[in-house]
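This structure is a prediction, so every number in the text was calculated from the model and none was measured. Naming: A, B, ... by sequence-line order, numbering from 1 per chain.
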Amino acid sequence: MEENTKERSLNFVEEIIENYLSEHPGAHIQTRFPPEPNGYLHIGHAKSICLNFGLAQRYGGKCNLRFDDTNPVKEDTEYVDSIKEDIKWLGFDWALERYASDYFDQLYVWAKQLIEKGLAYVDDQTQEEIRLGRGTISEPGRESPWRNRSVEENLRLFEEMKNGSYADGEKVLRAKIDMAHPNMLFRDPIMYRILHTEHHRTGNKWCIYPMYDYAHGESDSIEHITHSICTLEFDVHRPLYDWFIAQLGIFPSHQYEFARLNITYTVMSKRKLLQLVKEHFVNGWDDPRMPTICALRRKGYTPASVRAFAERVGVAKRDNVIDLSLLEYCVREDLNRTAERRMAVIDPLKVVITDYPEGKSECFEAVNNPEDETVGKRSVPFGREIYIERADFMEVPPKGYYRLSVGSEVRLRYSYLIKCQEVVKDTEGNIVELHCTHDPLSGGGSSSDGRRVKGVIHWVSAADAVKAEVRLYDNLFAKESPDDVEEGKTFLDYLNPDSLVVKTAYCEPSLLCAKVGDKFQFERVGYFCVDPDTTADSLVFNRTVTLKDTWAKLQKK
RNA sequence: UGAGCUAUGGUGUAAUUGGUAACACAGCAGAUUUUGGUUCUGUCGUUUUGGGUUCGAGUCCCGAUAGCUCAACCA
């Protein structure tokens, strides 16, 4: 992919890989992206996807997609499908599609081997007893009374567990390690629990299911994963990951951890995202305000922009919070190059060109994309009555304002120079209409006398305007770090009440042909894309991101 | 009986592995511009702290401090 060829220094994972490659001449790397199919992927996963698949591409290796489906109570094929769709949309393809559940038979055999080696036992304690027995962070745990059962008894019990002789929670299989270990995970971790639950792939074949710690390393090993890359919170799991592989004597996969992605003005935890959806603070997983991949797609982000973002945030081990502005920069950078320009008025104010003949109309040529001549030009109709943006007129213009005001002249983009002569107000004093005159010699380009006008505003012919619903999105949260909650509050208290504003816009008629997913720059306003809610007789646009607005910034000061 | 991980401008990430701390985003100022967009130029500002080793330390050593992770039959 083009952005991978750019020169830049190596991140720490790439350094590890280059060392590995130089120490193993002729070897190739194998990575994997291992989501649990229990929810939708978000931008944090996109970073992981770009890392795992990107590394494989860059170093001539392979990357598998492996669903970590060891907990049937939370998982579903619905999520499997959405995950695959998102990865493909991002522009990646996996070598092998695998499931941890593909390995249930092998995992069961290995568990019996560990029992035979005296390294695992069946524990009859209740969940509560096990929890208490584990001790705490500063006190050692206690050994289970069932810890020293014979190999034969453990083997028999484990098989009975598998055969369904026990109810959920009655027994577990535990690794026999060290109940006083400073790493809590080594205090006889649970390897298998009983779950009489149908699995989305194995159906009712199994009623015992392996835990993450027991399944993950072995699954990596089976696939000969050379570099098992995960996020920092799994750091404490690595010794256990290595322990199982060592005890079994199987292919030595190795785990490396990087810091997960955080972005300002949003949350990234699956739990919180689920709550936003379930409690209808947003309209589903693909609500464009969500940080999910499907939401970004719907909002109008391009795969290339998300990839570029993943590349720019870097890979390191320290906790980080990326400025949302970087994500926005990435999508603007891409869309500026690729999105065709159109004119649309979001907050309309009618303008009558009083000296333009009634009933007359004409067309002006407009450049589709100044960054890309190959996409040509289009024709935009003009008439006596047009709409302009309310913000493009001010009765009392502040210093530095060079749009329209009474007596001032502006350029209508691609069209005439107009001068405002009169403001028409309703009985309450609201501006309802502007009366302007035009310079008939200024159409499209130069002015008759070479005078230059600084202000250029966009417009739409009233007679030809196409109405569209535009959904203007802002940050979901009003607080930069909604995860940092003050006493007595929750992250929900920081939701931005204005994260979605819906307006009816007047669009130039060429937009009538726009299809779902099409992306445009509405000149001087922002990037927009056609939402799937669009029907034959109603156009709906999502605002992907605004244009940079230096003027608005100046005004805030 | 606590263990592990991490500390570099506002935010991220680098630093040829001990040799002038740089790049991007954000900010600020200006130029260009029929988008207050784009582009271009300039500018602001950085090694948590205290010792030590060394001609020389962001990098090595020792000690503090701060942040994060771990006590699900979740992943």
Side-chain angles (χ1 to χ4, degrees), chain A residues 8-11 34-36 38 68-71 73-75 100 123 125-127 130-132 134-141 168-174 180-187 190-195 208-209 211-213 215-216 230-239 257 259 264 270 312-330 332-333 336-337 341 343 366-367 370-371 400-403 410-415 417 442 444-446 452-458 521-526 546-555:
Chain A
R8 54 158 182 67
S9 52
L10 302 180
N11 63 50
E36 182 186 15
N38 71 342
D68 229 333
D69 56 351
T70 56
N71 185 0
V73 310
K74 292 166 73 182
E75 295 149 6
D123 195 344
Q125 292 184 105
T126 63
Q127 187 165 346
I130 289 176
R131 187 175 64 78
L132 263 17
R134 191 149 30 223
T136 70
I137 239 157
S138 53
E139 307 158 37
D168 289 6
E170 231 178 293
K171 286 180 166 47
V172 290
L173 183 73
R174 290 231 255 173
H181 199 104
N183 182 341
M184 297 293 291
L185 291 166
F186 272 69
R187 323 248 263 223
I190 291 170
M191 293 166 60
Y192 273 93
R193 75 289 215 187
I194 300 170
L195 254 21
I208 56 169
Y209 291 93
M211 298 285 289
Y212 168 85
D213 280 307
H216 200 90
C230 61
T231 46
L232 241 34
E233 65 269 27
F234 291 97
D235 172 276
V236 286
H237 295 250
R238 178 168 16 93
E257 311 85 19
T264 54
K270 214 176 247 185
R312 278 170 183 270
V313 296
V315 181
K317 286 179 92 89
R318 69 184 115 159
D319 294 330
N320 62 81
V321 186
I322 308 293
D323 266 338
L324 216 213
S325 61
L326 182 63
L327 216 210
E328 296 183 335
Y329 169 83
C330 289
R332 283 193 192 108
E333 189 191 36
N336 177 50
R337 278 186 0 250
R341 316 285 123 125
M343 291 200 285
V367 172
E371 309 291 322
Y401 186 83
Y402 47 76
R403 273 109 99 149
V410 293
R411 160 77 60 190
L412 292 177
R413 177 132 237 230
Y414 305 119
S415 176
L417 252 19
S442 66
S446 56
R452 299 189 54 191
V453 168
K454 184 142 189 172
V456 178
I457 64 175
H458 61 282
Q521 182 196 103
F522 289 173
E523 292 211 48
R524 303 208 310 131
V525 179
T546 60
L547 249 32
K548 275 213 294 196
D549 192 344
T550 312
W551 171 246
K553 202 182 288 171
L554 281 172
Q555 279 192 305

Separation of [N] [atom2] from [X] [atom1] (nearest whole Å):
{"X": "A/D168", "N": "B/rA72", "atom1": "CG", "atom2": "P", "value": "19 Å"}
{"X": "A/D319", "N": "B/rC68", "atom1": "CG", "atom2": "C1'", "value": "5 Å"}
{"X": "A/I322", "N": "B/rA24", "atom1": "CD1", "atom2": "P", "value": "16 Å"}
{"X": "A/R174", "N": "B/rA72", "atom1": "CZ", "atom2": "P", "value": "12 Å"}
{"X": "A/R413", "N": "B/rG36", "atom1": "CZ", "atom2": "C1'", "value": "12 Å"}

Check every atom of [options] against the side chain of [X] and return the nucleotide holding the closest atom.
{"X": "A/E36", "options": "B/rC74, B/rU69, B/rA72", "result": "B/rC74"}
{"X": "A/I137", "options": "B/rC70, B/rU38, B/rC73", "result": "B/rC70"}
{"X": "A/Y401", "options": "B/rG36, B/rG37, B/rA75", "result": "B/rG36"}
{"X": "A/S138", "options": "B/rA75, B/rG2, B/rG12", "result": "B/rG2"}
{"X": "A/V456", "options": "B/rA75, B/rG36, B/rC68", "result": "B/rG36"}

Taking [M] as the reference, what is the distance to [N] when you measure between their [atom1] atoms (whole Å, please)?
{"N": "B/rA57", "M": "B/rA24", "atom1": "C1'", "result": "26 Å"}
{"N": "B/rG45", "M": "B/rU38", "atom1": "C1'", "result": "27 Å"}
{"N": "B/rA72", "M": "B/rG58", "atom1": "C1'", "result": "41 Å"}
{"N": "B/rU6", "M": "B/rU59", "atom1": "P", "result": "15 Å"}
{"N": "B/rU46", "M": "B/rG9", "atom1": "C1'", "result": "4 Å"}
{"N": "B/rC70", "M": "B/rG30", "atom1": "P", "result": "49 Å"}
{"N": "B/rC40", "M": "B/rU53", "atom1": "P", "result": "49 Å"}
{"N": "B/rU54", "M": "B/rG12", "atom1": "C1'", "result": "32 Å"}

Does [N] have its OP1 or OP2 closer than 4.0 Å to a side-chain nitrogen or oxygen of [X]?
{"X": "A/R312", "N": "B/rC23", "value": "no"}
{"X": "A/R337", "N": "B/rU39", "value": "no"}
{"X": "A/R134", "N": "B/rC73", "value": "yes"}

Base, sugar-phosphate, or nothing for A/Q555, non-hydrogen atoms under 4.0 angstrom? nothing

Once you apply a heavy-atom cut-off of 4.0 Å, does A/E257 come out as touching a base, just sugar-phosphate, or nothing? nothing

Which pair of non-hydrogen atoms, one from [X] and one from [Y], has the smallest distance, and what is that distance?
{"X": "A/P239", "Y": "A/N183", "value": "CG-ND2, 4.0 Å"}
{"X": "A/E257", "Y": "A/F234", "value": "CG-C, 4.3 Å"}
{"X": "A/M191", "Y": "A/R174", "value": "SD-C, 4.0 Å"}
{"X": "A/V453", "Y": "A/R411", "value": "CG1-N, 3.9 Å"}
{"X": "A/N71", "Y": "A/E36", "value": "CB-OE2, 4.0 Å"}
{"X": "A/I130", "Y": "A/Q125", "value": "CG1-CB, 3.7 Å"}

So is the aromatic ring of A/Y212 stacked onto the base of B/rA75, judging by whether the centres are under 5.5 Å apart and the planes are under 30° apart?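 It does not: the two rings, one from A/Y212 and one from B/rA75, miss the stacking criterion.
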
Distances for protein N/O vs nucleotides 14-17 of chain B N/O pairs under 3.5 angstrom?
residue	atom	partner	partner atom	Å
B/rA14	OP1	A/V315	O	3.3
B/rA14	O2'	A/S9	OG	3.0
B/rU17	O4	A/E15	OE1	3.3

Partner of A/L324 by side-chain contact (heavy atoms from CB on, under 4.5 Å), out of A/V321, A/I322, A/L327: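 Result for side-chain contact (heavy atoms from CB on, under 4.5 Å) with A/L324: A/L327.
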
If you restrict it to nitrogen or oxygen atoms, what contacts under 3.5 Å exist between nucleotides 26-29 of chain B and the protein, and what is each distance?
residue	atom	partner	partner atom	Å
B/rG27	OP1	A/K553	NZ	2.5
B/rC28	OP1	A/K557	NZ	3.4

Wobble G-U and Watson-Crick pairs count when both distances are under 3.5 Å; given that, what is the 5' to 3' dot-bracket string of RNA chain B, with | for pairing to other strands? .((((((..((((.....[..)))).(((((.......)))))....(((((..]....))))))))))).....

Select from A/P35 and A/N336 the residue whose nearest nucleotide in RNA chain B is closer to the 5' end of that strand.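 In this pair, the answer is A/N336.
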
Between A/T136 and A/D213, who's closer to the 5' end of RNA chain B by nearest nucleotide?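 Nearest-nucleotide comparison on RNA chain B picks A/T136.
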
With 3.5 Å as the limit, what N/O pairs link the protein to nucleotides 3-5 of chain B?
residue	atom	partner	partner atom	Å
B/rG4	O2'	A/D235	OD1	2.6

With syn defined as a glycosidic torsion within 90 degrees of 0 and anti otherwise, which applies to B/rA72? syn

Base of B/rU17 relative to its sugar, syn (within 90° of 0) or anti?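 Syn, which is what one calls it when the glycosidic angle falls within 90° of 0.
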
Excluding sequence neighbours, so at least two apart, what forms side-chain hydrogen bond (donor to acceptor under 3.5 Å, both in side chains) with A/E371?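 Here no residue qualifies.
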
Could you tell me which residues satisfy side-chain hydrogen bond (donor to acceptor under 3.5 Å, both in side chains) with A/R193, sequence neighbours excluded, listed by chain and number?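 With sequence neighbours excluded, A/R193 shows a side-chain hydrogen bond (donor to acceptor under 3.5 Å, both in side chains) to no residue whatsoever.
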
Base of B/rA75 paired with side chain of A/H237 (donor-acceptor, under 3.5 Å): yes

Salt-bridge test for A/R312 and A/E333: reply yes if a basic N is under 4.0 Å from a carboxylate O, no otherwise. yes

